[in-house]
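Quick note: numbers below take in every heavy atom, side chains included, and nothing from hydrogens, waters or symmetry partners.
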Amino acid sequence: MNGRLMKRKQFLLKTCPAFVLTVLASSEFLSACKASAEEEVTPQVVTTQEEKDYLARKKTIGTKGYLQENSIVYVDLAHVNYSSLLTNGNFVNDQVNGVLLLRKDATTLLALDNCCPHVGSRDRWSYAANKFTCANHGNSYGIGTGQVANCNSNSSFGNLKAYKTSLYKDLLTITFA
């Protein structure tokens with residue numbers, strides 16, 4: 001029995017250090033693999049410049065619903081004054097900024113001059129069948145391009161002057177240039 005115990009003791013002394021090193025090495029390897037796998041799984045959040053600009057302007061707009069910077073106006077469509085523009089076919093007579101805002105479809109909003117080409121009346125508009133009608137003399141003006149009828153030009157037909165627009169999420173940008 002003493003011989004067996006001695007053989008077992010010798011066996012353990014010879015094999016245990018190798019076994020312990022193997023276990024330690026494998027646990028370090030496993031933790032390194034785990035860290036590497038976690039790095040791969042964790043998504044990198046990349047914020048575009050357009051998104052950063054959007055968030056900054058939304059924060060700056062405040063209670064009025066719009067922000068004017070030189071010849072550019074930013075309109076928050078989520079604001080109560082402009083929220084009807086979230087629905088296709090609706091328009092807002094934005095008297096402060098001097099434009100008629102019209103939601104054509106999911107991606108298109110128009111900004112048109114609020115000044116009647118006939119005699120310069122403002123703020124007297126209705127909209128139907130792709131035309132704005134001025135309540136002052138009943139003249140109708142289109143929303144297309146070409147044959148622009150300028151404000152107070154005594155014109156009784158043509159298209160209202162349009163301004164460049166772009167839409168990002170619920171922020172409309174109007175460029176008056």
Side-chain angles (χ1 to χ4, degrees), residues 38-177:
E38 286 173 356
E39 288 170 8
E40 289 177 23
V41 173
T42 305
Q44 295 282 336
V45 177
V46 178
T47 305
T48 64
Q49 188 60 46
E50 188 175 30
E51 182 70 11
K52 289 175 187 175
D53 292 344
Y54 165 79
L55 294 170
R57 288 193 180 105
K58 287 282 282 190
K59 189 181 270 188
T60 307
I61 284 176
T63 60
K64 296 184 292 186
Y66 69 91
L67 169 66
Q68 184 174 4
E69 291 180 345
N70 301 317
S71 62
I72 298 175
V73 173
Y74 302 97
V75 176
D76 182 359
L77 300 180
H79 188 275
V80 66
N81 293 343
Y82 300 98
S83 62
S84 65
L85 292 171
L86 296 171
T87 304
N88 294 346
N90 285 349
F91 87 95
V92 168
N93 184 349
D94 185 351
Q95 297 172 9
V96 174
N97 294 301
V99 290
L100 301 168
L101 301 173
L102 173 66
R103 181 65 172 238
K104 289 286 292 172
D105 56 47
T107 59
T108 309
L109 278 118
L110 301 177
L112 306 158
D113 195 357
N114 186 3
C115 180
C116 179
H118 183 224
V119 291
S121 299
R122 295 183 182 273
D123 309 328
R124 311 231 13 223
W125 299 99
S126 60
Y127 177 75
N130 289 327
K131 289 188 181 254
F132 279 96
T133 302
C134 178
N136 198 28
H137 291 111
N139 295 327
S140 293
Y141 302 93
I143 58 172
T145 58
Q147 196 170 7
V148 174
N150 290 311
C151 176
N152 204 22
S153 64
N154 202 28
S155 179
S156 57
F157 63 91
N159 292 306
L160 293 174
K161 179 180 178 180
Y163 301 102
K164 182 182 174 195
T165 61
S166 62
L167 181 64
Y168 181 75
K169 296 186 178 182
D170 59 357
L171 186 68
L172 175 66
T173 302
I174 307 165
T175 305
F176 296 95

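Taking all atoms of both residues into account, the shortest heavy-atom contact from Leu160 to Pro117 is CD2-CD, 3.7 Å. Closest non-hydrogen pair, Gly144 versus Asn159, comes out as N-OD1, 3.2 Å. Of all the heavy atoms in Ala162 and Leu112, the pair that sits closest is CB-CD2, 3.7 Å. Of all heavy-atom pairs between Ser83 and Ala78, the closest is CB-O, 4.4 Å. Nearest heavy atoms, Ser84 versus Val92: OG-CG2, 3.4 Å.
We find the NE2-CG distance between His79 and Leu85 to be 12.5 Å, quoted to the nearest 0.5 Å. Distance check, rounded to the nearest 0.5 Å: OG1 of Thr63 to CG of Asp76 gives 11.5 Å. The CG atom of Leu101 sits 11.5 Å away from atom CG of Asn90, with the distance rounded to the nearest 0.5 Å.
Residues satisfying the side chain to side chain donor-acceptor pair (under 3.5 Å) criterion with Asn93, sequence neighbours excluded, are Asn114. Residues meeting the side chain to side chain donor-acceptor pair (under 3.5 Å) test with Ser121, sequence neighbours left out: Asn136. Tyr66 pairs by the ring pair (Phe, Tyr, Trp, His ring centres under 6.0 Å) definition with nothing, not counting sequence neighbours. For Gln49, the side chain to side chain donor-acceptor pair (under 3.5 Å) partners two or more places apart in sequence, or in a different chain, are Asp53. For the side-chain contact (heavy atoms from CB on, under 4.5 Å) test, residues two or more places apart in sequence or in another chain that qualify with Thr173 are Ile72, Tyr74, Ser166, Thr175. With sequence neighbours excluded, the residues satisfying ring pair (Phe, Tyr, Trp, His ring centres under 6.0 Å) with Tyr127 are Phe132.
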Review point. After noting the C-alpha distance and the side-chain angles of Asn97 and Ile174, does the key distance pass the side-chain contact (heavy atoms from CB on, under 4.5 Å) rule?
Key: CA-CA 10 Å; Asn97 294 301; Ile174 307 165; 6.0 Å; no

Practice item. Any chance you could lay out the side-chain contact (heavy atoms from CB on, under 4.5 Å) test for Leu109 and Leu77, step after step, and finish with the verdict? Key: CA-CA 11 Å; Leu109 278 118; Leu77 300 180; 3.9 Å; yes

Exercise for review: Could you give me the CA-CA distance, side-chain angles and deciding distance for Thr165 and Leu172, then say whether side-chain contact (heavy atoms from CB on, under 4.5 Å) is met?
Suggested key: CA-CA 7 Å; Thr165 61; Leu172 175 66; 3.8 Å; yes

Point to revise | Residue pair Val99, Val73: steps toward the side-chain contact (heavy atoms from CB on, under 4.5 Å) verdict | key: CA-CA 11 Å; Val99 290; Val73 173; over 6 Å; no

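Residue pairs meeting the salt bridge (Lys or Arg N to Asp or Glu O under 4.0 Å) criterion with at least one partner in residues 91-108, sequence neighbours excluded, are absent. For residues 146-177, the pairs satisfying ring pair (Phe, Tyr, Trp, His ring centres under 6.0 Å) are Tyr54-Tyr168, Tyr163-Phe176, with sequence neighbours left out. The salt bridge (Lys or Arg N to Asp or Glu O under 4.0 Å) contacts involving residues 123-146 comprise nothing, where partners must be two or more places apart or lie in separate chains. Evaluation of the ring pair (Phe, Tyr, Trp, His ring centres under 6.0 Å) test over residues 101-124, restricted to residues two or more places apart or in two chains, returns His118-His137. Annotation: salt bridge (Lys or Arg N to Asp or Glu O under 4.0 Å) contacts involving residues 154-175, sequence neighbours excluded, comprise Glu51-Lys169, Lys58-Asp170. For residues 138-177, the pairs satisfying disulfide bond (SG atoms under 2.5 Å apart) are Cys115-Cys151, with sequence neighbours left out.
Remark: side-chain polar atoms of Ser153 are not paired, donor with acceptor, to backbone N or O of Ala149 under 3.5 angstrom. The closest donor-acceptor contact from the side chain of Tyr141 to the backbone of Ser155 lies under 3.5 Å.
Contact annotation: the side chain of Leu171 approaches that of Ile61 to within less than 4.5 Å [non-hydrogen atoms, C-beta and beyond]. The closest side-chain heavy-atom distance from Val148 to Asp113 is not below 4.5 Å.
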